[in-house]
Protein chains: 2
Amino acid sequence: MKYIEKLRNSGLRPTKQRLQICEVLFNTDKTFHFTINELEQKIKKQANNKISLATLYNTVHAFEKKGYLKQIPINSSETYFDTNVTDHHHFYDLKEEKLIDLENSDVGPINILKKINGKKIKSVEVLVKLED
Amino acid sequence: MKYIEKLRNSGLRPTKQRLQICEVLFNTDKTFHFTINELEQKIKKQANNKISLATLYNTVHAFEKKGYLKQIPINSSETYFDTNVTDHHHFYDLKEEKLIDLENSDVGPINILKKINGKKIKSVEVLVKLED
DNA sequence: ATAGTAGTTTATAATGATTCTAAAAAACTG
DNA sequence: CAGTTTTTTAGAATCATTATAAACTACTAT
Ligand SMILES: [Mn+2]
Ligand SMILES: [Mn+2]
Ligand SMILES: [Zn+2]
Ligand SMILES: [Zn+2]
């Protein structure tokens with residue numbers, strides 16, 4: 001299993017559940033966006049078994065802390081996560097409630113001129129809301 | 001009262017509660033960011049009386065729909081609103097959990113090149129996360 | 001003004017995403 | 001294997017937000 005090392009190197013024991021979550025999240029060409037509940041559904045189908053919500057929350061937050069997932073800043077009833085952890089931006093289709101990646105070349109470089117004393121910039125994210 | 005007209009023009013009856021909320025939100029030189037609970041506190045102090053949470057939620061959402069308030073896309077436990085409804089961007093201080101306005105001149109123009117069929121761009125917002 | 005009606009406020013309940021708890025299970029270490 | 005630590009899990013708790021429905025208020029038409 002290719003995720004055992006990854007988990008061990010992160011100080012996380014490679015449990016059956018975590019490996020399964022890795023498969024669903026990372027064993028794919030395309031990156032994608034998901035909510036915890038969508039992840040739960042996906043695992044039910046794709047792996048044909050169930051992982052408790054508590055574990056899904058725990059694992060997703062652990063992966064986020066390790067930098068394997070990103071949380072997308074958006075006001076929705078559910079939190080969205082992104083398996084694409086590179087710096088990139090998003091469309092948010094308000095009607096469909098769906099996120100779409102924007103390549104950096106679709107937005108161009110953003111140069112923040114203002115500085116706040118004693119603070120470092122951690123991320124710069126653009127959210128483009130779409131309506132019909 | 002200068003807000004009676006504004007409310008009537010928006011199809012909202014100028015009630016005591018709404019006028020009070022208008023005073024707190026709009027009768028000031030500086031725009032600001034707030035959560036519903038901060039607004040509740042502010043009204044308790046500034047007006048020395050209480051407006052029910054239900055009314056605060058209703059009114060804030062009504063004002064948002066009319067374009068007098070903006071919701072700020074951010075993942076926080078509480079929803080942030082902004083009395084500055086012009087197009088502008090934000091710093092978010094992760095430690096202090098505080099929002100700071102960025103002028104457009106601090107960010108520069110953002111030109112979204114990608115188009116989605118049948119969708120219009122409603123807003124373009126930059127969120128800059130700050131850490132120590 | 002008065003009566004009628006449509007809109008508003010409010011306390012309170014319901015909802016639902018997320019977090020907490022604590023006991024059982026699994027992974028590791030020697 | 002025995003001992004220890006970490007993880008999983010069901011279920012409870014939390015808490016922001018929304019729904020409910022009864023009392024109240026603002027407006028409209030007589
Ligand atoms: Mn979270
Ligand atoms: Mn809201
Ligand atoms: Zn993305
Ligand atoms: Zn602002």
Side-chain angles (χ1 to χ4, degrees), chain A residues 1 3-25 33-44 47 49-66 68-69 71-81 97 99, chain B residues 1 3-25 33-44 47 49-66 68-69 71-81 97 99:
Chain A
M1 290 295 221
Y3 298 113
I4 291 181
E5 270 311 287
K6 180 176 179 167
L7 288 169
R8 281 232 179 77
N9 291 339
S10 311
L12 299 170
R13 290 183 179 175
T15 63
K16 184 158 56 71
Q17 290 84 349
R18 282 175 180 161
L19 289 168
Q20 207 152 91
I21 292 170
C22 281
E23 289 292 333
V24 171
L25 292 182
H33 310 114
F34 66 94
T35 66
I36 296 283
N37 284 294
E38 287 167 358
L39 178 57
E40 192 192 21
Q41 295 310 311
K42 208 161 195 169
I43 282 169
K44 264 202 204 120
N49 74 341
K50 174 186 180 273
I51 297 176
S52 78
L53 265 185
T55 297
L56 292 175
Y57 275 102
N58 286 343
T59 302
V60 163
H61 283 131
F63 286 2
E64 187 198 4
K65 193 168 293 175
K66 296 297 176 184
Y68 304 144
L69 291 173
Q71 218 180 328
I72 300 177
I74 202 179
N75 290 115
S76 161
S77 54
E78 288 174 86
T79 302
Y80 275 90
F81 292 91
E97 297 188 317
L99 283 160
Chain B
M1 291 293 222
Y3 298 113
I4 292 180
E5 271 310 290
K6 179 175 181 169
L7 288 169
R8 281 231 179 79
N9 292 338
S10 313
L12 299 169
R13 290 185 179 173
T15 63
K16 184 159 55 74
Q17 290 85 347
R18 284 175 178 158
L19 289 169
Q20 207 152 90
I21 293 170
C22 280
E23 288 292 333
V24 171
L25 293 182
H33 309 115
F34 66 94
T35 66
I36 296 284
N37 284 295
E38 287 166 359
L39 177 58
E40 191 190 24
Q41 296 310 310
K42 207 163 196 167
I43 283 170
K44 264 203 205 118
N49 74 340
K50 174 187 179 276
I51 297 177
S52 77
L53 265 185
T55 297
L56 293 175
Y57 275 101
N58 286 342
T59 303
V60 164
H61 284 130
F63 286 2
E64 187 198 5
K65 192 166 294 175
K66 295 298 176 185
Y68 304 145
L69 290 174
Q71 217 181 328
I72 300 176
I74 202 177
N75 289 116
S76 162
S77 54
E78 288 174 88
T79 302
Y80 275 90
F81 293 91
E97 296 187 316
L99 283 161

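Naming: A, B, ... by sequence-line order, numbering from 1 per chain.
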Would you give the length of the straight line joining atom [atom1] of [X] to atom [atom2] of [Y], rounded to the nearest 0.5 angstrom?
{"X": "A:F63", "Y": "A:L7", "atom1": "CZ", "atom2": "CG", "result": "5.0 Å"}
{"X": "A:Q17", "Y": "A:L56", "atom1": "CD", "atom2": "CG", "result": "9.5 Å"}
{"X": "A:T15", "Y": "A:R18", "atom1": "OG1", "atom2": "CZ", "result": "5.0 Å"}

### B:K6 to B:Y68 six-membered ring, cation-pi geometry met (6.0 Å, 45°)
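B:K6 over B:Y68 ring: yes.
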
Within less than 4.0 Å of OP1 or OP2 of [N], is there a side-chain N or O belonging to [X]?
{"X": "A:K50", "N": "D:dT8", "answer": "no"}
{"X": "B:Y57", "N": "D:dT17", "answer": "yes"}
{"X": "B:T79", "N": "D:dT17", "answer": "yes"}
{"X": "A:Q17", "N": "D:dT9", "answer": "yes"}
{"X": "B:R18", "N": "D:dA26", "answer": "no"}
{"X": "A:H61", "N": "C:dT19", "answer": "yes"}

### Task
Just call it for B:T35: base, sugar-phosphate, or nothing, with non-hydrogen atoms closer than 4.0 Å on any strand.
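Nothing, no nucleic acid heavy atom in range.
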
### Task
Check every strand shown and say whether A:S77 touches a base, only sugar-phosphate, or nothing at a heavy-atom separation below 4.0 Å.
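Here A:S77 touches the backbone only, sparing every base.
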
If I take atom [atom1] in residue [X] and atom [atom2] in nucleotide [N], what distance separates them, rounded to the nearest angstrom?
{"X": "A:Q20", "N": "D:dT7", "atom1": "CD", "atom2": "P", "value": "17 Å"}
{"X": "B:L53", "N": "D:dT20", "atom1": "CG", "atom2": "C1'", "value": "16 Å"}
{"X": "B:F81", "N": "D:dT17", "atom1": "CZ", "atom2": "C1'", "value": "10 Å"}
{"X": "B:L19", "N": "C:dG7", "atom1": "CG", "atom2": "P", "value": "19 Å"}
{"X": "B:L56", "N": "C:dT9", "atom1": "CG", "atom2": "P", "value": "10 Å"}
{"X": "A:E78", "N": "D:dT18", "atom1": "CD", "atom2": "P", "value": "14 Å"}
{"X": "B:Y80", "N": "D:dT17", "atom1": "OH", "atom2": "P", "value": "11 Å"}
{"X": "B:L7", "N": "D:dC27", "atom1": "CG", "atom2": "C1'", "value": "15 Å"}

Side chains of [X] and [Y]: closer than 4.5 Å at any heavy-atom pair?
{"X": "A:Y57", "Y": "A:T79", "result": "no"}
{"X": "B:L39", "Y": "B:I51", "result": "no"}
{"X": "B:H61", "Y": "B:F81", "result": "yes"}

## Note on the structure
Readout for nucleotides 20-29 of chain C: B = base within 4.0 Å of protein heavy atom, S = sugar-phosphate only, - = neither; 5' to 3' it is B------BS-

### Query
Closest to the A:S52 side chain: D:dA16, D:dT9, C:dT18?
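That would be D:dT9.
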
